[in-house]
Amino acid sequence: MTSIFAGDGQQGARRMSTAAAIVALLGGIRQWRENRRAWRQLAAMSERELQDIGLCRSDLAHHDRLTKGRSYWPP
């Protein structure tokens, strides 16, 4: 049985790069889900709760536009 990491020459390198791409894709999806969950939690907070942690809705909207290029908040 051949492992995706086994092999010689170009075919082995191609398999390794495919595996690395899949790992990177799954890592990106995981990070996106964590970020989305955090945004939902922040969106659910009251003004008072946001103030307690040193934030306000305009801070969140400004950060979102800078990092995502979006013109709205919450996501």
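Numbering starts at 1 and runs along the sequence shown.
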For Glu47, the side chain to side chain donor-acceptor pair (under 3.5 Å) test, sequence neighbours excluded, returns Arg57

Ignoring hydrogens and angles, write down the donor-acceptor pairs under 3.5 Å from the side chains of residues 49-56, residues two or more places apart or on other chains.
unit_1 : atom_1 : unit_2 : atom_2 : d
Glu49  : OE1    : Ser46  : N      : 2.8

Under the side chain to side chain donor-acceptor pair (under 3.5 Å) test, residues paired with Gln31 that sit two or more places apart: Asn35

